[in-house]
Structures are given as structure tokens and as C-alpha cells.
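Worth saying up front: this structure is predicted, and the values here are computed from it rather than measured.
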Amino acid sequence: MSSFSTLAAQTPARRPRRLLLAAGGMLIVTTYLFLVLAQPAEVAEGPGSAAGIVSLVGFLGGGALLVAGILPMLSTSSLVVMPLGIALNIGIGQLAGSLGLQIYLDAIGTVLVAVLAGPAAGAATGAISNAIWGLFNPLALPFAAGAALIGLLAGLAAKYGLFRRLHLAAVAGLVTGAIGGLVAAPVAVNMFGAAGSPGTNAIIAVFRSLGDKLLVAATKQGLLSDSLDKIVVFVVVALILHALPQRAVRQFPFARTRVIRGRRRGSDRSGRGIDAGTA
């Protein structure tokens, strides 16, 4: 009887959280569709334009609703790591862009949060990161929906244990990057003419020289760059997780059962788990 009463008490409490999560996801998706269908070129001018304000409010609001939906379930460690993830995304992404790299490296914080705190936390981190980044780099704002999708997919990959092996993390990164590239291509073409960093522009120029239309060239570039980028990001995050002591990972309820690897009998005394198989 007591267990039934507990379940009955928990069920109503879950409904508002699920509604907040659904509302946050829908707001992010709706804002993305607005950008793809309306194609407001003034977004490139920054958040001062009407379309920029709509995008900023949509992505920030969607991320905030996601956070509100998962807030009762987040540990203190999860709340601390989310701002850190946002800072990592913006800092590393800005550096990679200024260096003209062919990959972005702007999702390391998102993926790390997703693996430690879950898919919804990862999606929120991705959306909020690009929304904040867009305040001083207008190119980042329209891609917030794709960043949220990366966080969601990374969290799902962690849920099924794909970060316990480096090669599985690489495969998950490949799939996630391909999906992310497809989502980002229409935004890149319709609002920025596929303009990006010097490195990605060079890849598009190669495909264009082979006779591809701009959208096709941008899609191919996205599939190539995003897939390679997410392979690197997922493997880097997996290496970070494998280097952390298990006692640190245990501070995150989601990662406690999803990321910690099995120990051999001779696990070391520092609390680090030793993988039963090779990476």
C-alpha cells in the first residue's frame, strides 16, 4: 500500500515537469522552423533586429523551460556543470572559429553536460549556449536548435552506455554529427549564404567547383565537417570521463549508472574504474 501511495503521489508531480519539457522542446523547434521558413536575413545583424529578438527569446525561453522541467531532479553538481559547459562551448567555439578550423569544437560543453546530467540538460545547455553566444556573434544564434539537438542525442547515447567505450563514442559522434549537419544546412544557406569560417567556406567552394548548387554543397560540407567535429568532441568527452575518478562521476545521478564502467578485481585505490575491456 505504501509503495502504491508513493507512486500515486509522484505521478502528478511528474506531469508539470513533462509539460515544461514538452513546451521547451516545442518552442525550440518552432523557432527553428520560423528561421527556416521565414528566412529572415536580418538575423545576421544580431539580436537588435526583430527576427533576432524572436530567435533569442525563442531559444533562450526554450532552454529555460527545459531547465525548469528538470530542475527538481538535478543535483548540485549538475547545476554547477551546466554554466561550465556553456562557457566551454563559447570559449572553445570562438577560438576554433577565429583560427579558421574545418571543425567547430563548440559542443564539448554540451556533450559533457549531456553525458553527466542527461539529455534534457544537454539540450538546454546547447540552446542557451548559442543564444548567449549570439549576443556578440550573430552567426551562432540561428544554430541554437541544432546545438540543442546535439545535447539531446549525446544524452541518449550516454543513456545506452555508448560512452563506456571510445569506439562506440566515435560511432555515436558520427551519427550525431550527420544529423546535426542536415539540420544546420538550411539555416546556413537561407540566412548566411552558407558563409562560415574560412575552413568551412573552403570546403563549400570545393563542392561548388564540382558543380553542386549552394544548398547541396552546404549540406555536404555540413555532413563532412559536423560528422568529423562530433567524432572528435564525443571522443574527447569520453576521454575526460574515463580520466575522472568514479567518485566524481557518482555525484551526477544520471551518469552514476550510465557512464561508470565495470571494475576488474584489481581496480586501483584512487577510485578510478578500470574498464573490463579495451577502449
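Put simply, NE2 on H167 and CG on L162 are 9.5 Å apart, with the number rounded to the nearest 0.5 Å. Taking CZ of F143 as the reference point, atom CD1 of I150 lies at 12.5 Å (rounded to 0.5 Å). With values rounded to the nearest 0.5 angstrom, I53 atom CD1 is found 11.0 Å from L141 atom CG. Rounding to the nearest 0.5 Å places CD of Q246 at 13.0 Å from CD of Q251. Taken to the nearest 0.5 Å, the CD1 atom of I179 stands 10.0 Å off from the CG atom of L174. Taken to the nearest 0.5 Å, the CG atom of L116 stands 5.5 Å off from the CG atom of L241.
Residues forming a salt bridge (Lys or Arg N to Asp or Glu O under 4.0 Å) with D106 (at least two apart in sequence, or on another chain): none. Under the side-chain hydrogen bond (donor to acceptor under 3.5 Å, both in side chains) criterion, K220 pairs with D212, sequence neighbours left out. Looking at residues two or more places apart in sequence or on another chain, you find a side-chain hydrogen bond (donor to acceptor under 3.5 Å, both in side chains) between N89 and T110, S129. S75 is linked by a side-chain hydrogen bond (donor to acceptor under 3.5 Å, both in side chains) to S78, counting only residues two or more places apart in sequence or in another chain. Take S49 and apply the side-chain hydrogen bond (donor to acceptor under 3.5 Å, both in side chains) test, not counting sequence neighbours, and it matches no residue. Every residue was checked against the side chain to side chain contact (heavy atoms under 4.5 Å, CB included) condition with L19, not counting sequence neighbours, and none meets it.
The cluster map of Ile, Leu, Val, Met, Phe, Trp and Tyr, joined by side-chain heavy atoms under 4.5 Å apart, puts W133 and L99 in the same cluster. Using a 4.5 Å cut-off between side-chain heavy atoms of Ile, Leu, Val, Met, Phe, Trp and Tyr, with links allowed through other members, M82 and L20 fall into different hydrophobic clusters. With hydrophobic clusters built from ILVMFWY side chains whose heavy atoms lie under 4.5 angstrom apart, L79 shares a cluster with I132. L84 and V249 fall within a single hydrophobic cluster, where Ile, Leu, Val, Met, Phe, Trp and Tyr side chains are chained together by heavy-atom contacts under 4.5 Å.
Side-chain N or O atoms of D229 include one that pairs as donor or acceptor with a backbone N or O of L105 at under 3.5 Å. Counting only distance, with no hydrogens or angles, the side chain of S98 and the backbone of L95 share a donor-acceptor pair below 3.5 Å. Y32 places a side-chain N or O within 3.5 Å of a backbone atom of V183 that can act as its donor or acceptor partner. Between the N130 side chain and the A140 main chain, a donor and an acceptor come within less than 3.5 Å of each other.
With a 4.5 Å cut-off between side-chain heavy atoms of Ile, Leu, Val, Met, Phe, Trp and Tyr, the cluster of L182 takes in L223. With a 4.5 Å cut-off between side-chain heavy atoms of Ile, Leu, Val, Met, Phe, Trp and Tyr, the cluster of F254 takes in none. In this structure, V171 stands alone, with no Ile, Leu, Val, Met, Phe, Trp or Tyr side-chain heavy atom under 4.5 Å from its own, directly or through other members.
Within 6.0 Å of atom OH in Y160, 12 or fewer heavy atoms from other residues, nucleotides or ligands are found, so the atom counts as exposed in its surroundings.
The minimum heavy-atom distance between A107 and K230, with the atom names listed, is CB-CE, 4.2 Å. Between A172 and A157, the shortest heavy-atom contact is CB-CB, 3.9 Å. Considering every non-hydrogen atom in both L21 and A120, the closest pair reads CD2-CB, 4.0 Å. Pairing each heavy atom of A114 with each of A154, the nearest pair is CB-CB, 3.9 Å. Minimum interatomic distance between P119 and G155 (heavy atoms only, all atoms of both residues): CG-C, 3.6 Å. Residues P138 and V43 approach most closely at CB-O, 3.9 Å, considering heavy atoms.
V115 is not listed as a side-chain neighbour of F252, based on a closest heavy-atom distance of 4.5 Å or more. Taking 4.5 Å as the limit, some side-chain heavy atom of P47 sits within range of a side-chain heavy atom of L135.
Legend: ring pair (Phe, Tyr, Trp, His ring centres under 6.0 Å) pairs involving residues 218-241, not counting sequence neighbours, sorted by first then second residue: F163-F234.
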Sequence neighbours left out, cut at 3.5 Å: what donor-acceptor pairs do the side chains of residues 33-42 make with other protein atoms?
none

Got a list of side-chain donor-acceptor pairs under 3.5 Å for residues 54-71, not counting sequence neighbours?
residue, atom, partner, partner atom, Å
S55, OG, A51, O, 2.9

